[in-house]
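Below you'll find the structure, written out as structure tokens, and then a few comments.
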Number of protein chains: 2
Amino acid sequence: MKHIAESTVRRLSLYLRFLEEGEARAQDTISSGELARLGGTTSAQVRKDLSFFGSFGKRGLGYHVKDLIEAIREILGLDKTWPVVIVGAGKIGAALAQYRGFSSRGFRVVGVYDRDPARIGQRLDGLTIRAESELERDIAKLKAQIAVLCVPSEAAQVLLDRVTKAGIRAVLNFAPSPLRVPKGVALRSVNMATELEILTFALTNRIEGGPR
Amino acid sequence: MKHIAESTVRRLSLYLRFLEEGEARAQDTISSGELARLGGTTSAQVRKDLSFFGSFGKRGLGYHVKDLIEAIREILGLDKTWPVVIVGAGKIGAALAQYRGFSSRGFRVVGVYDRDPARIGQRLDGLTIRAESELERDIAKLKAQIAVLCVPSEAAQVLLDRVTKAGIRAVLNFAPSPLRVPKGVALRSVNMATELEILTFALTNRIEGGPR
DNA sequence: ACTAGCTTGTGAAGGATTTCACAAGCCCCC
DNA sequence: GGGGGCTTGTGAAATCCTTCACAAGCTAGT
């Protein structure tokens with residue numbers, strides 16, 4: 001397959017949300033124009049995004065909501081349930097472990113890990129915080145391929161190396177430090193300070209409308 | 001000033017982190033090549049990014065670490081302290097209110113707000129959770145221009161409208177719903193599910209190396 | 001069956017961002 | 001004071017992404 005831009009994947013995720021809302025309202029079909037309006041983009045963009053993966057619409061009618069939901073779920077890999085482990089049960093890790101928005105989208109948090117003995121054994125929702133030393137065994141046993149890293153910067157690279165060796169293929173990192181991943185492992189980093197800094201840049205430089 | 005790409009601002013924030021680490025190690029100068037290696041980009045990219053704002057280096061030598069730190073801080077607007085209000089004291093809001101990574105970068109959380117009477121009055125670090133009804137008065141009094149929105153989707157637009165009316169000029173949103181902002185207000189949204197979905201897309205489509 | 005009115009899918013154009021490549025400048029050493 | 005070895009700053013080229021614009025196709029109504 002041709003290379004797909006990250007911006008395209010991000011928009012597909014967004015369209016999926018609108019489609020699911022439409023489905024909940026018993027909406028039958030939707031046009032590229034309506035999806036565009038909801039997502040703050042153009043109808044051509046919506047059609048182009050979808051066209052990378054096939055042709056899902058009917059000319060004159062638009063897209064059948066249920067069919068398009070199914071198609072995008074499959075494109076994004078959401079047609080199955082993904083077990084996710086959360087590494088680090090501090091404030092952020094604990095918050096994410098209990099975040100409802102994951103389960104509704106096909107993700108299931110199957111383990112939360114920490115190195116602090118004071119935290120091990122505590123319960124978060126239906127999960128018990130486990131010792132970091134169990135990570136390797138659990139990842140293999142649970143066949144988890146996705147890890148969310150919520151540990152301090154100093155510990156991030158070591159833990160990333162450990163989980164990738166144990167079989168993790170994708171990592172969402174919240175530590176504000178650059179990480180190296182082995183080839184074949186996908187990494188995304190979310191840096192809260194950077195997000196705020198993009199905002200202060202906009203404020204400082206008075207850009208009309210600001211970034212999106 | 002010419003329009004600056006968001007990707008450029010994001011990288012500047014990253015360079016700043018590396019420069020601060022260099023400063024902590026008493027490093028005196030740094031080349032675009034070294035910054036590029038740390039940030040996973042190219043030296044030409046680093047130089048181009050900086051060139052939009054001026055010329056900060058010395059040929060043959062590189063950039064003076066302290067000077068460049070100061071320059072980038074000024075570009076990003078980090079040469080002052082920004083008061084930030086957090087709206088919503090659920091799991092994510094509470095975690096962010098106590099997040100250390102903000103204060104070290106010039107942000108100061110000056111208020112945390114919730115509508116739930118059970119939460120109002122509870123303490124988070126040095127802050128007391130306050131009633132949402134106090135938002136307008138406090139934003140004016142504290143001259144806060146930045147708000148972090150950590151409320152459920154249904155409440156997000158209403159609260160965004162309220163805080164922008166009260167003087168907020170930039171919003172970092174964690175609710176997974178699209179928001180409309182008045183002109184002149186900057187908005188960024190972080191959607192945890194979308195981040196994971198970009199990863200499952202990469203896993204499903206076996207893209208070499210995956211997204212960054 | 002034909003027409004009017006939409007809407008898709010997609011090449012081509014346009015715009016934005018990244019990479020290339022090199023002249024110009026600085027430091028250090030001899 | 002001059003030369004060698006680096007490194008910056010920046011136009012130009014290349015690549016990537018978005019928007020344009022239109023032929024083709026579907027539905028509904030008559």
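First the proteins, then the strands, lettered A, B, ... as listed; each starts at 1.
- You won't find any donor-acceptor pair under 3.5 Å spanning the side chain of Arg59(A) and the base of dT7(C), going by distance alone.
- For Gln45(A) and dG11(C), the CD to P distance is 16 Å, given to the nearest whole Å.
- Residues Phe102(B) and Tyr99(B) place their aromatic rings such that the two centres sit under 6.0 Å apart.
- Remark: the Ser32(A) side chain and the Arg47(A) side chain contain an N/O donor-acceptor pair separated by less than 3.5 Å.
- Taking atom NE2 of His3(A) as the reference point, atom P of dC16(D) lies 9 Å away to the nearest angstrom.
- Across dT19(C), dT8(C), dT27(D), the shortest atom-to-atom separation from the side chain of Ser31(A) is found for dT8(C).
- The distance between atom CZ of Phe56(A) and atom P of dT10(C), rounded to the nearest whole Å, is 11 Å.
- Closest to the Ser32(A) side chain, of the nucleotides dT10(C), dT17(C), dT8(C), is dT8(C).
- Heavy-atom neighbours of Arg100(A) CZ from other residues, nucleotides or ligands within 6.0 Å: at or below the threshold of 12.
- Annotation: the terminal axes of the helix from dA1(C)-dT30(D) to dC30(C)-dG1(D) meet at 10°, where each axis is the rotation carrying the C1' atoms of four end pairs onto the next four (5 pairs per end, rounded to 10°).
- Among the nucleotides dT18(C), dT8(C), dT19(D), the one closest to any side-chain atom of Arg11(B) is dT18(C).
- Comparing atom distances between the Arg47(B) side chain and each of dG9(C), dG9(D), dT19(D) picks out dG9(D) as nearest.
- Distance CD1/Ile168(B) to CG/Leu135(B): 8.5 Å, rounded to 0.5 Å.
- The distance from the CZ atom of Arg188(A) to the CD1 atom of Ile198(B) is 4.0 Å, given to the nearest 0.5 Å.
- Counting non-hydrogen atoms of neighbouring residues, nucleotides and ligands closer than 6.0 angstrom, the CZ atom of Arg115(A) reaches no more than 12 such neighbours.
- Nearest nucleotide to the side chain of Ser55(B), out of dC17(D), dT8(D), dG9(D): dG9(D).
- Between the CG atom of Leu68(A) and the C1' atom of dG9(C) there is a distance of 14 Å, given to the nearest Å.
- One atom, CG of Asp49(B), and another, C1' of dA16(C), lie 14 Å apart when rounded to the nearest Å.
- Among the heavy atoms of the strands lying under 4.0 Å from Ala5(A) are primed sugar atoms or P, OP1, OP2 only; no base atom is included.
- The CG-P distance, from Leu61(A) to dG9(C), rounds to 12 Å in whole Å.
- In summary, the side chains of Asn191(B) and Glu195(B) do not present any donor paired with an acceptor at a separation below 3.5 Å, with no hydrogens or angles considered.
- Where Gly60(B) and Lys48(B) each meet DNA chain D at their nearest nucleotide, the meeting point lying more 5' is that of Gly60(B).
- Here Thr42(B) reaches the OP1 or OP2 of dT19(C): one of its side-chain N or O atoms lies under 4.0 Å away.
- Residue Ser43(B) is out of contact with every strand shown, counting any heavy-atom pair closer than 4.0 Å.
- Applying the side-chain hydrogen bond (donor to acceptor under 3.5 Å, both in side chains) rule to Arg169(A) yields no partners; only residues at least two apart in sequence or on another chain are considered.
- For Glu34(B) and dC6(D), the CD to P distance is 15 Å, given to the nearest whole Å.
- Counting only heavy atoms from C-beta on, Tyr63(A) has its side chain closest to dT8(C) among dC27(C), dG9(D), dT8(C).
- In this structure, the CD1 atom of Ile4(B) is 13 Å from the P atom of dA16(C), given to the nearest Å.
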